[in-house]
Amino acid sequence: MQEDLIIAGFGGQGIMLIGQLLVYSALEENKNVLWMPSYGPETRGGFANCTVIISNEEIGSPIVAHPQSMIIMNLPSLDRFEDELIPQGLMIVNDSLINRKIKREDINFYLIPATEIADNLGNAKAANMVDLGAYLKIKNVVDFTLTEKTLEKFFANNSSLIELNKKALERGAQEIAKETLKP
Amino acid sequence: MQEDLIIAGFGGQGIMLIGQLLVYSALEENKNVLWMPSYGPETRGGFANCTVIISNEEIGSPIVAHPQSMIIMNLPSLDRFEDELIPQGLMIVNDSLINRKIKREDINFYLIPATEIADNLGNAKAANMVDLGAYLKIKNVVDFTLTEKTLEKFFANNSSLIELNKKALERGAQEIAKETLKP
Amino acid sequence: MAKITVEQERCKGCGICIAFCPKKVIQLSKNLNPKGFFPAELINEKECTGCAICALMCPDVAIEVYRQEREKK
Amino acid sequence: MAKITVEQERCKGCGICIAFCPKKVIQLSKNLNPKGFFPAELINEKECTGCAICALMCPDVAIEVYRQEREKK
Amino acid sequence: MKILMKGNEAIGEGAIRAGCRYFFGYPITPQSELPAYLAEKFPSIGGVFLQAESEISAINMVYGASCAGVRVMTSSSSPGISLKQEGISYLAAAELPCLIVNVMRGGPGLGTIQPSQSDYFQATKGGGHGDYHLIVLAPHSVQEMVDLTYLAFDLADQYRNPAMILADGILGQMMEAVELKEYASEIPHKNWAVGKSQGRKRNIITSIYIDPKVLEQHNLRLQAKYKIIKAHEERAEEWMKEDAEIIIAAYGTVARIAKSVIKKAREKGIKAGLIRPITLWPFPDKYFQDLGKIKRILTVELSSGQMVEDVRLAVNGRIPVEFYGRMGGMVPSIEEILEQIEKINSQIERVKL
Amino acid sequence: MKILMKGNEAIGEGAIRAGCRYFFGYPITPQSELPAYLAEKFPSIGGVFLQAESEISAINMVYGASCAGVRVMTSSSSPGISLKQEGISYLAAAELPCLIVNVMRGGPGLGTIQPSQSDYFQATKGGGHGDYHLIVLAPHSVQEMVDLTYLAFDLADQYRNPAMILADGILGQMMEAVELKEYASEIPHKNWAVGKSQGRKRNIITSIYIDPKVLEQHNLRLQAKYKIIKAHEERAEEWMKEDAEIIIAAYGTVARIAKSVIKKAREKGIKAGLIRPITLWPFPDKYFQDLGKIKRILTVELSSGQMVEDVRLAVNGRIPVEFYGRMGGMVPSIEEILEQIEKINSQIERVKL
Amino acid sequence: MKKVFERPKSLTDVHFTYCAGCTHGMIHRMVAETIDELKIQDRTIGVSPVGCSVFAYEFFNFDMVAASHGRAPAVATGLKRSLPECIIFTYQGDGDLAAIGTAEIVHAATRGENITVIFVNNAIYGMTGGQMAPTTLIGQKTETTPFGRDARAHGYPIRIAEMLATLEGSSYIVRTSTHNPQNVRKTKLAVKKAFENQLNNKNFNLVEILSTCPSNWGLDSIQSLKWLEENMIPYFPLGEFKNI
Amino acid sequence: MKKVFERPKSLTDVHFTYCAGCTHGMIHRMVAETIDELKIQDRTIGVSPVGCSVFAYEFFNFDMVAASHGRAPAVATGLKRSLPECIIFTYQGDGDLAAIGTAEIVHAATRGENITVIFVNNAIYGMTGGQMAPTTLIGQKTETTPFGRDARAHGYPIRIAEMLATLEGSSYIVRTSTHNPQNVRKTKLAVKKAFENQLNNKNFNLVEILSTCPSNWGLDSIQSLKWLEENMIPYFPLGEFKNI
Ligand SMILES: Cc1ncc(C[n+]2csc(CCOP(=O)(O)OP(=O)(O)O)c2C)c(N)n1
Ligand SMILES: Cc1ncc(C[n+]2csc(CCOP(=O)(O)OP(=O)(O)O)c2C)c(N)n1
Ligand code: SF4
Ligand code: SF4
Ligand code: SF4
Ligand code: SF4
Ligand code: SF4
Ligand code: SF4
Ligand SMILES: [Mg+2]
Ligand SMILES: [Mg+2]
């Protein structure tokens, strides 16, 4: 079993972070993992995406042309990656920042108003966690509570961030539970 | 017919100059010519030598391992080149600066006290011309008077040098005429 | 009478114009632009003097300034 | 009483020692050394003061200077 | 216990464990995590991390530190490595051990920061002047970023020769789990190094041999050393080679992709296998000698075709050697290479039974 | 009328006649006569001779002048050329025509000032980073120092590619008679160059293509250009090749020595001949395709064996390719190479009649 | 109403790729305005560096050449020598100019090369993600000085303007800042003079401009301007160091 | 009689390869004497440059490292950082230090690298046969300025001591000469201080020494000393530029 995931958005949206959260958690479960970043020319703003591979076997290619899953955090990323998802693949979309329809009809997508949700939780920057929560709710590649634990380690010296991010994760998962997201 | 000549001595002895004098003159006679310098690490002092090739045919190798003739202007050059001369080859030796015997017995050498002769003419630096004169007297690879003409061109703006060098050339030739030089 | 226009797509919401506007008549909009920033906007056209300090300081050259020309005597 | 020695093989006959010797007691020798230079030599041991200026200036560090030590009182 | 590390950091950690305490470098993407790692770790373990004013200065600081006999390294990426070529030639000429890391990016010129393998020639044939060789190692996983760093320092000291790790932006920036094996070798005493002399004869380190006879002797000595290195240090991974009819020759990142390709090819009944050079210099010729059932070799690189020349030289016309490459930071997908394999497979003439 | 010139001066004169009025360089032996010549001649003909503070600065001044569309050159020797590698990669990437002269000397490191051919790989395979090629021309006489200088400027402009003259200290410093042929080509108009814009669209010269897709396209364009150059510009001299059984492959100075060797070999009844690559890149593969009666090739170089790899790649195993080389400024004598030829000759199995 | 402030013609329409609040953008504007005002757009050639302003050739609306890292002054020299009637300027960061490009800038200055240099000093390597620059202040934390720059280990910050002012060939050397409107105005005047000097064949001209890097300083735009004022200016005093 | 002047122990017996009258030799002697006097021969490492003094490693009688052209300060940095108890000096010509090695010397100085630099300024490239150096005087004829150095075409001569003195990390910067006994004595004192400072961990120390090149100046030994005095000193004033 191998899960190939691409997470994409602006720089500054915490794209890399949630990717790392996933692989750190998966390693705890003794899986083979690979995380690979890709940046645009700008330091802040500009595009940023990462590849996450979680597998029971030795991981070959770090390059994933056609992932099974995607978390898409902004419009340029949608434009760039939409066509690459495998048929029946999973796409979590940050609906707050995307003002167009999904074109693909052969995929499973979930439109989550992640930025708004995070904003309501007190910090729009936690939108990444909202989307991650949604993703984990659907694809149980790593244990949800394990991920929360990893999160605690990541923000060990900032308990308010832990709280915020945990809430965001949960709110993301809840969105999926609503199961009313797909148009 | 091809003449391969090596001229060797200290830097500052005018080694390169007499080599160039030869090839400029030979070119006037429509011969194929090649002149190649070789310097040591010092600018003044240190070793300096050049190769002169004069030929009726296209000149191949610029590297002459075993020349037909040599003009040797100091002791280190003798030490370095003595063994390389072809059997029956010609060696003109500046006896003034060499306080040892010639070891080879299968060559034709002429010991010329060139520095002394030049000193007597007023400038020890003309020793090169003395040796060149001797060489030309024996190996008529270029016409003697043609060489004098070239010399005039070389020193076009210094008539005293022309006189000195011409005298030195002739004195060198005369030394050969003495034919008492070989031990 | 003066005003500024902020090119909404170009603005990165850095807030520098806001900080330096002597009349404090600029604020960040509530709408994200496609770059992901909340761009600046003029909130009070009446108070704007057209001093152009905002434009002078805008790193993204997103501001244009308009001013009623004084009538020439 | 003083004197200098010039290492004949090392000297390049540059003449600097000669030019700076306050007593003018150095000259170039008539004999070429194996390097092809006429080396310097002391011509008047009596006049040499052992001031070591020659040695100080010799670029080839070819000069050594000897001096009768003053007796210590 | 395995821990997660980025490839660049893994080199840093490997260097620390191998006893390296001197780093001189100049910033460049995509190797930045390596100096950042060492800048963080060195102060507390007495290491010297110095950011030089340029790559040229950095490689010459490495030269100085290596003269002193310490384990020392530098790191850069393609354009920066080009600037080090004179220095590298000097290091090789003076037989100074050190580690040079090149995390390659797309060129030529300023190009891009995306991964590439287009500095293979520069690394293996000598981008600098004169006849010399670096020992060039090509990791293909974060684990090997550590392991080959150990090896690089060991070989460098053993042979008194600069060693290079030739990686790319993917290997440098991706994160994988690594096991930090104990570093077991002993750092040899270097009696040739300069320092407090304490009565020994003085040591001189130079690469000038103005007399060509002497310089030729020096070159012959170097060549003899290279011959010994070649005889002893050729390394490659063979993977599914035994019954293979088609071999992919690839190193680094591409070799990983090739493994995925080969799995898929095998699923389709194509007998594919891999030869993955680990030492790029010495090129592992010996792995290409016994061709067995192999009918074709496909060399895949992130370049216009560089290592393929060494593969061809090793095979010397016995079987066809094909090439497939991507350039400028583009990386081929599994599907793309598979297509090449299928094409080659369809061309192989088989004895009809 | 023939006049006597040193090889280095001949390049200078060739450059002047080819319309080059910009020289940027940094002193180094054994190419000094070239800048000295231009420093003397340029002022009166409106040329710009500028001694830069370093080789790096010089190659970047060349970059600037080439951007302006003028004919421009630089010159150096091995260590200095190593320093130019980043700049060269940029020039190739930005497709900027210019002439780079390398009068090679013995390496690696500081080495010596005596002649060498050990920068062949650097010149032909890319000493700098990334996939690129220089057009590399190898004169073997003072006459060719002029003629190939003309050609180098023409090809550089025609293909918008830097060209290199790869010579050595012997060719640079020896004096021969040359005929200064009239320079007949026209210098093309460069509409891509920067300068006064006079209404045209603005011109940009760069080598950054941050998007790998775009950089790959750029690379593909470059590779397509290289293919065209290869198809049209392979040049070599064949000498006594017709009936030859043994071929010496050699360029530059060594090729001259080889001619002397071949004459002597023929006197001894050995059917020897010469293939002398004039373009080192593109390597004249086509001259090695029809092997005729050739049974062996002996490549001779002033190196540990560099061009021999290209000869082997061209021959691809069809016949054995041997190597003989000297290094570090040493140059083989006629006798020495002849001995190699005799040895090879004795090994060739001939049909007994 | 009349437009009293607009984008200069010497800027293209392309959006800057600089981070929000990064003063590189202001400096671009001032250069472009100067070129507009001097009416030299059709004969100006800019040389962009390697650094965050590597894409300057997309933003400036005239002929542009992209130099390799640090070598812009050499490239500019090649251009100016072959196009003496064109106006050539380089735009360089502190890593580009004060580290790898030290020899090139020193020698362009000592040669009196008739060019204009816009030197953007933000005390950091912006583009590569915040490593120490030669101008990084003592105590400043960067990716490669995570415990703060320590003079003994990493050396002292270099004052380029002061250094270049000692050179015979430099004609106008000034340091200005971008941290508030007054200083931005002064910067603009300095930039203009540095171009005018070139038009008047007055040797080598350099404007060192203190600039911010919010992203790598870890501060927001406004904090950054303040940090610049409070920390950089004391070490990098503003003013003219040469004006002949 | 007692020997009152002898070859220092820190020189080998090898004959210098310098031309007759070349003051490189004097400077070698002074460095060697200093090392003898400070009793540091067993822990001194010299870094030789590329230039006529490329063979310095044959003449100095202690551990020596030959650097590539211009990079001696970087090599010295690598050495000093790994051998802090050793005394490291570079010996460099004006082509080596002031041209190709500009960045290396400026940054060694600004870093306050605790080394000693002996900078031999003879206004020419000696070893390569007399090309213009960055320190070649206006009007001076060289192989690459056959009509004399012209500021407009070739730039102005660079004053290294003055330039480096502006840098925070430099601690002792002085210019001396070799043209007569008094100045040779002063030079010796300066060399000694530049080494003592290193022993006292006083950052970066450089002695710029005006030196002759009879061969390439086309003058004899004595004329050369005079030419130095009359032409170089007016442009390169002697004295201490920094001493802290
Ligand atoms: C030869 C070379 N070395 C290093 C780099 C990597 N690099 C790119 S930008 C940069 C520094 C940028 O800093 P600075 O010049 O201060 O510009 P800023 O981004 O701060 O404006 C470096 C080191 C490179 N591209 N080329
Ligand atoms: C990279 C490189 N460039 C150029 C040279 C050639 N070169 C040798 S010595 C020298 C200059 C010597 O001049 P200087 O430093 O002034 O020393 P001097 O001989 O005058 O004492 C040069 C340019 C070289 N060896 N390496
Ligand atoms: S023009 Fe002046 S008053 Fe108006 S918004 Fe801008 S800064 Fe404020
Ligand atoms: S200064 Fe410019 S970019 Fe910043 S908020 Fe104001 S308008 Fe937007
Ligand atoms: S100064 Fe020295 S080298 Fe010169 S002549 Fe006197 S002893 Fe000889
Ligand atoms: S010691 Fe003084 S007096 Fe004696 S020779 Fe030397 S300079 Fe002259
Ligand atoms: S990284 Fe810094 S210098 Fe670069 S654009 Fe961003 S803020 Fe500006
Ligand atoms: S060339 Fe000049 S600097 Fe070099 S040794 Fe001779 S005189 Fe001295
Ligand atoms: Mg910066
Ligand atoms: Mg000099």
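Lettering of chains follows the sequences in order, A, B, ..., and the numbering in each one begins at 1. What you see is a predicted model, and the numbers here were worked out from it, not measured in a lab.
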Heavy atoms from other residues, nucleotides or ligands near NZ of H:K141 exceed 12 (cutoff 6.0 Å): no

Criterion side-chain contact (heavy atoms from CB on, under 4.5 Å) on H:Q131 and F:Y26, from CA distance to verdict: CA-CA 9 Å; H:Q131 295 81 8; F:Y26 186 80; over 6 Å; no

Do H:I100 and F:E53 touch side chain to side chain, with heavy atoms closer than 4.5 Å? no

Less than 4.5 Å to any heavy atom of chain F: does that hold for the side chain of H:T144, its backbone, both, or neither? both

Look up atom CD1 in F:I28 and atom CE in H:M127, then write down how far apart they are to the nearest 0.5 Å. 11.0 Å

Which atoms of F:L83 come close to chain H, meaning under 4.5 Å heavy atom to heavy atom: side chain ones, backbone ones, both, or neither? side chain

Correct closest heavy-atom pair for F:A39 and H:P146 would be O-CG, 3.6 Å

If one checks every heavy atom of F:P43 against chain H at 4.5 Å, the contacting part turns out to be side chain

Sub-4.5 Å side-chain heavy-atom contact between H:E143 and F:S32: yes

Donor-acceptor contact below 3.5 Å, side chain F:Q51 vs main chain H:H154: no

How far does NE2 of H:H69 sit from CG of F:L110, to the nearest 0.5 angstrom? 10.0 Å

For chain H, which of F:P30, F:G25, F:S54 has the most heavy-atom pairs under 4.5 Å? F:S54

